[in-house]
Amino acid sequence: MRALVVDDTVETRTALSRLLRRIGFDDILTAEDGRDALDQVREAGPIDLALVDWYMPNLDGVSTIRALRSQAGFRDVPILMVT
């Protein structure tokens with residue numbers, strides 16, 4: 001399973017990635033902001049879960065989610081806001 005972790009703090013990205021690995025996610029994409037996240041999924045393809053920080057530079061969490069949801073392959077992906 002593939003997850004996406006989006007947070008501008010490296011420590012938070014690391015902690016969430018470890019947690020996701022413990023519960024069975026074997027492929028974890030990480031991004032430091034919304035723009036980076038959109039680039040990551042554009043290159044890597046579908047994901048099964050996204051954890052997205054609310055406040056980030058360049059593209060905030062709400063805008064990131066809107067952009068993801070506008071893509072056909074991401075309309076039903078579970079997304080959790082992390083703040």
Side-chain angles (χ1 to χ4, degrees):
M1 290 192 307
R2 177 181 284 164
L4 171 66
V5 176
V6 188
D7 196 290
D8 57 325
T9 306
V10 68
E11 294 84 7
T12 302
R13 288 194 309 269
T14 301
L16 292 172
S17 295
R18 281 189 203 144
L19 176 65
L20 289 169
R21 280 192 184 86
R22 273 194 241 153
I23 62 172
F25 285 85
D26 55 351
D27 188 6
I28 301 169
L29 307 173
T30 61
E32 63 186 31
D33 60 41
R35 287 186 186 154
D36 186 24
L38 296 175
D39 290 342
Q40 293 277 340
V41 297
R42 218 174 277 122
E43 290 179 28
I47 57 173
D48 300 296
L49 173 70
L51 304 179
V52 181
D53 186 18
W54 188 284
Y55 297 105
M56 296 179 289
N58 300 318
L59 191 64
D60 66 24
V62 173
S63 299
T64 301
I65 290 171
R66 285 186 182 133
L68 285 172
R69 289 284 189 233
S70 72
Q71 300 177 38
F74 296 94
R75 290 191 182 129
D76 296 324
V77 172
I79 298 175
L80 299 174
M81 292 297 296
V82 179
T83 186

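Small disclaimer: the values here were computed from a predicted structure and weren't measured.
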Subject >> Cluster check Ile23, Val82: I/L/V/M/F/W/Y, side chain < 4.5 angstrom >> reply: yes

**OP:** Check whether Ile65 and Val6 end up in the same hydrophobic cluster, where Ile, Leu, Val, Met, Phe, Trp and Tyr are linked by side-chain heavy atoms less than 4.5 Å apart.
**Re:** yes

Original post:
Once you round to the nearest 0.5 Å, how far does CD of Glu11 lie from CG of Leu16?
Top reply: 11.5 Å

**OP:** Could you tell me whether the side chain of Arg2 and the main chain of Asp26 form a donor-acceptor pair under 3.5 Å?
**Re:** no

Subject >> Donor-acceptor contact present, side-chain Arg35 to main-chain Leu59, <3.5 Å >> reply: no

**OP:** Any chance you could measure Asp8, atom CG, to Asp33, atom CG, to the nearest 0.5 Å?
**Re:** 8.0 Å

Subject >> Distance-minimising heavy-atom pair for Ala31 and Gln40 >> reply: CB-CG, 4.3 Å

**OP:** Quick one: pull up OG in Ser17 and CG in Leu4 and give me the separation to the nearest 0.5 Å.
**Re:** 9.5 Å

**OP:** For residues Val77 and Ala50, report the shortest heavy-atom separation together with the two atoms involved.
**Re:** CG1-N, 4.3 Å

Original post:
Are Leu29 and Leu51 grouped together when hydrophobic residues (ILVMFWY) are joined by side-chain heavy atoms under 4.5 angstrom apart?
Top reply: no

Original post:
Cluster question for you: counting only ILVMFWY and a side-chain heavy-atom cut-off of under 4.5 Å, with indirect links fine, are Met81 and Leu38 together?
Top reply: yes

Subject >> Rounded distance [0.5 Å steps], CZ in Phe74 versus CD1 in Ile79 >> reply: 9.0 Å

Original post:
How long is the span from the CG atom in Leu49 to the CE atom in Met1, to the nearest 0.5 Å?
Top reply: 8.0 Å

Subject >> Heavy-atom neighbours of Arg69 CZ exceed 12 at 6.0 Å >> reply: yes

Original post:
Got a second to check how far Thr64's OG1 is from Met56's CE, nearest 0.5 Å?
Top reply: 4.0 Å

Subject >> Shared hydrophobic cluster, Val5 / Val62 (ILVMFWY, side-chain heavy atoms < 4.5 Å) >> reply: no

Subject >> Minimum heavy-atom distance Asp36-Thr30, with the two atoms named >> reply: OD2-O, 4.1 Å

